[in-house]
Amino acid sequence: MENIKELFEPFNTQYMELYKENWLKVKLESSSDLLDVARVIKNYGIRSIATVSPTDFIEDNIFEMNYFFEDLNTYKNVWLKVDIPREFSECKIDSITPLFAGANWHEREAHSMYGVHFINHPDLSWFIISADYYGKFPFRKGFDWKAHEQNLIENMNTIVDDLYDEHNANDEKFDGSKTILNWGPTHPASGPIRLKVEVDGEEILAIEPDIGYVWRALEHLVEEKDFLGSIVALERICFMDNTNSMICYAQAVEEIAGKEITDFAKMMRVLLGEIGRIVSHLMGIGGFFNTMGLMTLFMWAIDLREYFLDVLENYSGARVATASIEPGGVRYPLNMKTLELLDVAIEEYERTKDDFYNIFLKNPLMKSRATKVGIITKDEVHDFSLCGIVARASGVKTDIRLDEPYAAYDKIDMDYMIEENGAAKNRLDVLFKEIAQSISILKQASSDLRDGIKSQIYNPQKDHLVKIPKKLPAGEAISRVEWSRGELMMHLVTQEKATSPYRLKIKAPSFNHTMILEHLLKGQTLSDIPLVFGSLYICQGDLDR
Amino acid sequence: MEFLFNIYIFPGILFILTWAVFVFWFFRKILATLHKRVGPHYNGYAGTMQTFYDFSKLLTKESITPKGVNSYLFSSIPLIAPMLAIIPVVFIPWMPNFVIINSSYGVLGLVVLIGIEPFLLFLTGFGSNNKYSFLGGIRILTQMISMETSFFLSALSPALLFSTMNLTEIADMSSWLSTLILLPGAMLFFVSILGILEQPPFNIPDAEQEIVYGFYTEYSGTNYFLLKLAEFAEFLVTFAAMVTLFFGGYHGLFFDGFICLFVKMLIFAVLMIAIRASNPRLRLSQMLEFAWRYLVPLNLLNIVWILYAKQFILGD
């Protein structure tokens, strides 16, 4: 940490302080220093950037830019802040994309949502938002959503016109065997994302992802809700793993409120979080084979998943959208029936896992297709700020549960699940390994809970929740969890006596993983698109938010 | 009278329709069992009526012809395809002393008529004015050229062994020993028909996750029904051909008859579904490599083996 502090000595800083164990929080005096600072940080060895997030302080008439630089080797990170003016004409800052490739889309998003102009950005075109929001910068405070929605027909026409314009432009641009093939958004395997694939016959020349088809403006939506009500919006980032995203948000709120939750609630969060991870990973392994036209594993995995959903249903009353974790702990007291159902689910897993492994993971046809495509090297993981299973399949040891233990993960015995080659097959292997790992964590957590309840250290009827005040003081916090898709980070800003978040930035893993798609698929054939796309374990929900 | 019976009832239109309804249900039910699902359940006993309803629904739906296509080409292929797919039934000896055309060129007629079918499907892709359909059409052409070489070569092996192209004679001359000799040929034939019928792992031309539905993409309603009917007629003909060529046709363990042929065909249908339920799709380049680097040379070796066996084992 001291070494990182020294880096900032040549520059004017407003303040420099340690934040938690692993973060150095620095505010720069002037935005003209940014590029030099970024260069120094990169030369020091911090090569990844989690996200770029402007916060709109309308009363002070400034944007506070937040840059979260991460080092995936030493886990010592830098949180850089700098103020820029808010007016459209002066709201400019140097782009750091030439230095940090992973900042590319994050800067485009900040431009589309806030109108921040990034100087020297390679392609600052509109992103996520549909044509009717172009140039209106919806996330700025003071944007009138209701007035915008009143012109519904007009907005629809704008979107349709935009589509036709693009179609006609493509017709003029291409002839012969080259053409643009739309892979999505209404494609059997794509989900709500559109890849504009420029093809020559079967060969891919270029891919441009067009995202935003499930943009729900979640980051704005929570500003309209209170701190408790926000969880139902945030659990819908992606339905596959909904518990961990709530843990992330709850931790940020607790930090600002200055409350510590009970050990029992912490262990319950581990338990629910791992169930969420298994539920998601089971769909992940099925989805991987679906991309090659083999539905059997998906069906079997869904069958097994039901047993884990039973546990969630018994605990929270809902199978998928559980709303089971809230600021202050977990929402419901625990009854022993839940743990019994968990045992049943684990037993079912033990019974079926060998079939999964022997029939599908050893399949020679799958191996022949998946071992040579979508290869991501270690350097690319750092440069594009990849995380989660994608990073671990390339041999990078990153797992927030171990890097920066939250909830009760410091009591759990676990290790990094890594693979070496970084091909599509390796990512599948990591998924399989992590399911086994999560089962082992679940066993540890449930035996800890049982012991605790038996020896009356935990009181399952009372300990689950501590009171969090409805009004929070001014403050800001970042919170990270290992989501099933990778690192989920939330940056929460509140104002004095706030009843709802002032700004919540969600850094979602799929965003960075989609960014690398073109790099992986250029020069491959059409058949590899679904396979590589599926292996990156992308969820369109957290891609668009 | 018998002529009309043959055309309309057996082995003509009614038989083909019943087969299509039955085998679609059968595929669904077997696949559902392997998937740990239930499959068709509500209509009829164990969902038997489901496919009947599905087909009648398709027949009554509007067939949409997209803008900008050659409508003659687009709509005539779905008529020609099932007709051409049904014709080979005349060469197949369905039961003892029952074959419509007892030709001494039965094998030839069968393989040529089966082999011509995919080219019609290519034309559907070509005539759809759709990028996905066109890619599907190109893929089907690529796959056929590779797979049919192996298909023809492996279909040749029983004809060489028994020195006849008459299917009835082939079925009658088969014995346990000859079946054993023909087993490698039968396996190669089975792999080739997986390619020709576009079944996994060779379902490349209608790879849903890559090119939507390949050459089928623009078809709907009656046209789609007719194309599907052609596909199921092709299933019937290829399975029957396989059983007749390699496994003694209508001959059974205890008695001879249509039922023996039918049970043997269903065994291969189950095998096909089992492969479908456990293997992912190959890439186009992998299929080409497999066909030309392994399948065709193996077929040539198989021919050598057949000639050797004919000379020294059967002692002809």
Side-chain angles (χ1 to χ4, degrees), chain A residues 170 174 177-184 186-191 197 199 201-204 286-304 306 352 355 358-360 362-370 372-373 428 524-534, chain B residues 27-28 30-39 68 125 129-143 191 194 198-214 216-217 273-290 293-294:
Chain A
N170 283 340
F174 296 102
S177 58
K178 284 184 198 167
T179 183
I180 290 266
L181 197 69
N182 283 324
W183 197 78
T186 53
H187 188 284
S190 68
V197 190
V199 288
E202 292 263 334
E203 195 193 334
I204 299 166
F288 183 90
F289 279 92
N290 271 6
T291 61
M292 292 184 283
L294 178 60
M295 308 289 177
T296 314
L297 182 59
F298 189 76
M299 298 293 169
W300 290 14
I302 289 285
D303 183 47
L304 176 57
E306 292 298 310
T352 49
D355 284 351
N358 292 330
I359 298 175
F360 297 101
K362 286 182 179 171
N363 188 306
L365 295 188
M366 184 277 287
K367 280 187 192 164
S368 75
R369 278 198 66 174
K372 286 182 193 128
V373 293
L428 180 71
Q524 309 282 350
T525 59
L526 270 181
S527 312
D528 296 323
I529 296 180
L531 178 58
V532 171
F533 183 79
Chain B
F27 280 0
R28 279 169 151 187
I30 297 279
L31 195 61
T33 316
L34 294 171
H35 278 175
K36 297 187 183 172
R37 292 186 285 120
V38 179
N129 190 22
N130 176 314
K131 290 171 193 169
Y132 303 115
S133 301
F134 187 72
L135 280 170
I138 298 289
R139 281 179 173 202
I140 204 169
L141 215 54
T142 321
Q143 179 155 326
V191 174
L194 284 184
E198 293 136 35
Q199 286 300 308
F202 303 111
N203 54 346
I204 300 164
D206 52 8
E208 195 176 289
Q209 286 77 8
E210 295 154 24
I211 50 171
V212 188
Y213 208 174
Y216 282 128
T217 306
I273 293 295
I275 289 174
R276 177 169 166 181
S278 57
N279 283 294
R281 182 190 312 118
L282 287 171
R283 213 167 40 224
L284 189 64
S285 56
Q286 285 177 315
M287 187 276 300
L288 285 173
E289 192 181 310
F290 172 74
R293 190 174 286 175
Y294 301 105

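Each chain gets a letter, A, B and so on, in the order its sequence line appears, and its residues count up from 1.
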Heavy-atom pairs under 4.5 Å with chain A, option from B/L34, B/I138, B/N203 with the top count: B/L34
Side-chain heavy atoms of A/R369 within contact of B/P201, under 4.5 Å: no
Result of checking A/T525, A/L531, A/L526 against B/R283 for side chain to side chain contact (heavy atoms under 4.5 Å, CB included): A/T525
Over 12 non-hydrogen atoms of neighbours within 6.0 angstrom of NZ in A/K367: yes
CZ (B/F27) with more than 12 external heavy atoms under 6.0 Å: yes
Leading residue by heavy atom contact count with chain B [cutoff under 4.5 Å; candidates A/G293, A/G534, A/P364]: A/G293
Gap between atom NE2 of B/H35 and atom OG1 of A/T296 - 0.5 Å precision: 3.5 Å
A/V373 portion near chain B, given a 4.5 angstrom heavy-atom threshold: side chain
Value rounded to 0.5 Å, distance of CZ in A/F360 from CG in B/N279: 9.5 Å
Heavy-atom proximity to chain A below 4.5 Å, by part of B/R276: backbone
Over 12 foreign heavy atoms within 6.0 Å of NZ, B/K36: yes
Option in A/I302, A/V199, A/D528 with maximal non-hydrogen atom pairs under 4.5 Å from chain B: A/D528
Flag side-chain contact, heavy atom, 4.5 Å: A/L294 against B/R281: no
Between OG on residue A/S368 and CD on residue B/E289, distance to nearest 0.5 Å: 9.5 Å
side-chain contact (heavy atoms from CB on, under 4.5 Å) assessment of B/M287 paired with A/S527: CA-CA 12 Å; B/M287 187 276 300; A/S527 312; over 6 Å; no
Within-4.5 Å side-chain heavy-atom neighbours: A/N363 and B/P280: yes
Heavy-atom proximity to chain A below 4.5 Å, by part of B/L282: both
Validation row: B/Y132, A/N182 side chains within 4.5 angstrom (heavy atoms): yes
Sidechain-backbone polar pair: B/K131 side chain, A/I180 backbone, donor-acceptor under 3.5 Å: yes
